[in-house]
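Working notes, structure below.
In what follows, chains are A, B, ... by sequence order, proteins preceding strands, each numbered from 1. Computed from a predicted model, the values in this text were never measured in an experiment.
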There are 2 protein chains.
Amino acid sequence: MALRFALLGLLNDRPSSGYDLSRRFAAGIGTYAWDAKHSQIYPELRKLLTDGLIEISDEGARGRKTYAITDPGRDALREWLLAGPSSTGGVRNEYVLRLFLLSALEPADAIKILKQTRAFAAEQVDDLTREYQSLRTESGGSPTGSGLAAQYGVHAYRATIEWADWAIKELRKSEH
Amino acid sequence: MALRFALLGLLNDRPSSGYDLSRRFAAGIGTYAWDAKHSQIYPELRKLLTDGLIEISDEGARGRKTYAITDPGRDALREWLLAGPSSTGGVRNEYVLRLFLLSALEPADAIKILKQTRAFAAEQVDDLTREYQSLRTESGGSPTGSGLAAQYGVHAYRATIEWADWAIKELRKSEH
DNA sequence: GTACCCATGTAATTGGTTACATGATTAT
DNA sequence: ATAATCATGTAACCAATTACATGGGTAC
């Protein structure tokens with residue numbers, strides 16, 4: 001079910017083709033909220049189309065079809081969001097899992113990985129901050145969907161940096 | 001693949017039965033790193049057993065089998081951790097997805113959900129902080145695997161709180 | 001003209017959830 | 001005795017990944 005609403009949500013921001021959507025997953029949403037590959041996206045778009053939740057708003061070169069959300073689609077999305085998370089929302093995140101299991105390593109090895117994690121997170125904070133700034137100037141200072149999401153990412157990655165710094169210190173203490 | 005190493009990691013902390021493991025998933029690791037149900041755990045344990053990565057260390061009442069990680073199991077776990085994340089580490093987190101899609105709602109509704117999110121995160125921070133303290137006193141002040149994980153959770157949920165507060169403020173601005 | 005990206009689709013396989021099924025132990 | 005929890009397992013179904021497959025457009 002979640003995939004269907006992820007697609008509706010992305011299309012609610014702006015109309016996109018299947019190809020666009022698969023790049024939007026790969027670039028942002030897929031790295032910390034929900035991922036999907038094109039082989040899953042195209043069939044789901046067709047289902048959404050037959051259900052009337054989206055429509056083809058434009059057709060371009062190379063068989064490109066641009067989809068836009070419809071009013072029933074917007075209703076379905078709102079309803080899902082307001083209904084609250086299904087109790088059965090199991091999380092899957094290999095990156096976080098790896099951090100969970102770090103203590104299986106010698107402190108020196110664990111520290112090496114924590115430093116890599118920290119560096120990656122710092123990069124993400126920079127990228128997202130820049131993205132947020134440009135979204136902000138584009139929209140004239142009003143908060144957009146992607147703006148909230150970008151800020152979420154900034155906060156989440158900053159937390160990772162702080163935790164990694166703390167964890168490195170802790171592991172160094174136990175190294176001797 | 002990840003499930004197999006999640007199991008090895010949990011067993012590396014301490015020996016457990018399939019039942020214990022499914023509760024450990026439900027209680028902690030499953031809520032922010034990797035989830036698994038018993039119907040997936042039992043078959044995977046059997047595979048790990050035939051591969052020699054775990055062994056039965058004890059048998060109790062009601063057919064209870066306690067599994068422990070073996071030396072080859074520890075080696076496999078370390079190797080996987082050191083090899084670094086597979087490029088194909090797609091994330092799935094319905095809670096975060098919902099936060100991503102909030103802008104599809106009227107500001108007032110979005111704020112309602114953000115407040116719920118904030119309250120839940122604050123609860124988690126309290127729970128995890130308490131858990132961390134008790135782990136700390138138990139282990140005499142040395143950092144354990146679950147200790148690092150608990151602190152990760154504390155940082156991650158604190159970040160959610162800060163972001164939610166910021167997002168509420170932003171949305172209030174655009175409400176009028 | 002050829003390499004690269006755009007663009008969409010399907011098939012086979014693997015991973016994961018829900019539902020079905022059974023029975024022992026413990027607490028009340 | 002009976003309800004709750006412990007404990008393990010399998011089967012059917014659904015979700016997701018990987019691999020296969022095709023072709024148009026653009027830049028060099």
Would you say [X] places a side-chain N or O within less than 4.0 Å of OP1 or OP2 belonging to [N]?
X	N	answer
A/Lys65	C/dC6	no
A/Arg62	C/dC6	no
B/Arg23	D/dC6	yes
A/Arg92	C/dG16	yes
A/Tyr42	C/dG9	no

Heavy atoms from C-beta onward define the side chain here; which of [options] lies closest to that of [X]?
X	options	value
A/Tyr19	C/dT8, D/dG9, C/dT10	C/dT8
A/Lys37	D/dT8, D/dA16, D/dT18	D/dT18
A/Arg64	C/dT8, D/dT10, D/dA7	C/dT8
B/Ala61	C/dT8, C/dC6, C/dT25	C/dT25
B/His38	D/dA16, D/dT8, D/dA19	D/dT8

In whole Å, what is the span from the [atom1] atom of [X] to the [atom2] atom of [N]?
X	N	atom1	atom2	result
B/Arg46	D/dA7	CZ	P	18 Å
A/Glu59	D/dG25	CD	P	14 Å
A/Phe25	D/dT17	CZ	P	11 Å
B/Ile41	C/dG16	CD1	P	11 Å
B/Glu94	D/dA15	CD	P	13 Å
B/Glu44	D/dT8	CD	C1'	16 Å
B/Asp20	D/dT8	CG	C1'	13 Å
A/Leu45	C/dT10	CG	P	12 Å

Exercise for the section: Output yes when A/Arg64 and A/Asp20 qualify as a salt bridge under the 4.0 Å nitrogen-oxygen rule, no when they do not. Expected result: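 So A/Arg64 pairs with A/Asp20 through a salt bridge.
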Exercise for the section: Kindly assign one of parallel, tilted or perpendicular to the pair B/His155 and A/Trp166, based on the angle between their ring planes and the thresholds 30° and 60°. Expected result: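 Because their plane-to-plane angle lies in the 30° to 60° range, the rings of B/His155 and A/Trp166 count as tilted.
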Practice task
Check whether any side-chain N or O of A/Thr70 sits under 3.5 Å from a backbone N or O of A/Gly52 as a donor-acceptor pair, and report yes or no.
Solution key: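 Answer holds: yes.
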Practice task
Scan A/Ser39 against the nucleic acid and name what it touches under 4.0 Å (heavy atoms): base, sugar-phosphate only, or nothing.
Solution key: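 Base contact - A/Ser39 has a heavy atom under 4.0 Å of at least one base atom.
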Exercise for the section: Select base, sugar-phosphate, or nothing to describe what B/Arg4 touches, counting heavy atoms under 4.0 Å on all strands. Expected result: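 Nothing, no nucleic acid heavy atom in range.
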Handout entry: Nearest-nucleotide comparison on DNA chain C, the residue closer to the 5′ end among A/Gln40 and B/Lys47
Key =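 Whichever sits nearer the 5' end wins; that is A/Gln40.
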Handout entry: Pair A/Arg23-A/Tyr19, side-chain donor/acceptor within less than 3.5 Å
Key =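 There is no such pair between these side chains.
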Problem - Test of ring centre spacing under 6.0 Å for A/Tyr32 and A/Tyr95 - result: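 No, the ring centres sit 6.0 Å or more apart.
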Exercise for the section: Validate the cation-pi geometry between A/Arg4 and A/Trp80: distance from NZ or CZ to the six-membered ring centre under 6.0 Å, angle to the ring axis within 45°. Expected result: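 No, A/Arg4 and A/Trp80 do not form such a contact.
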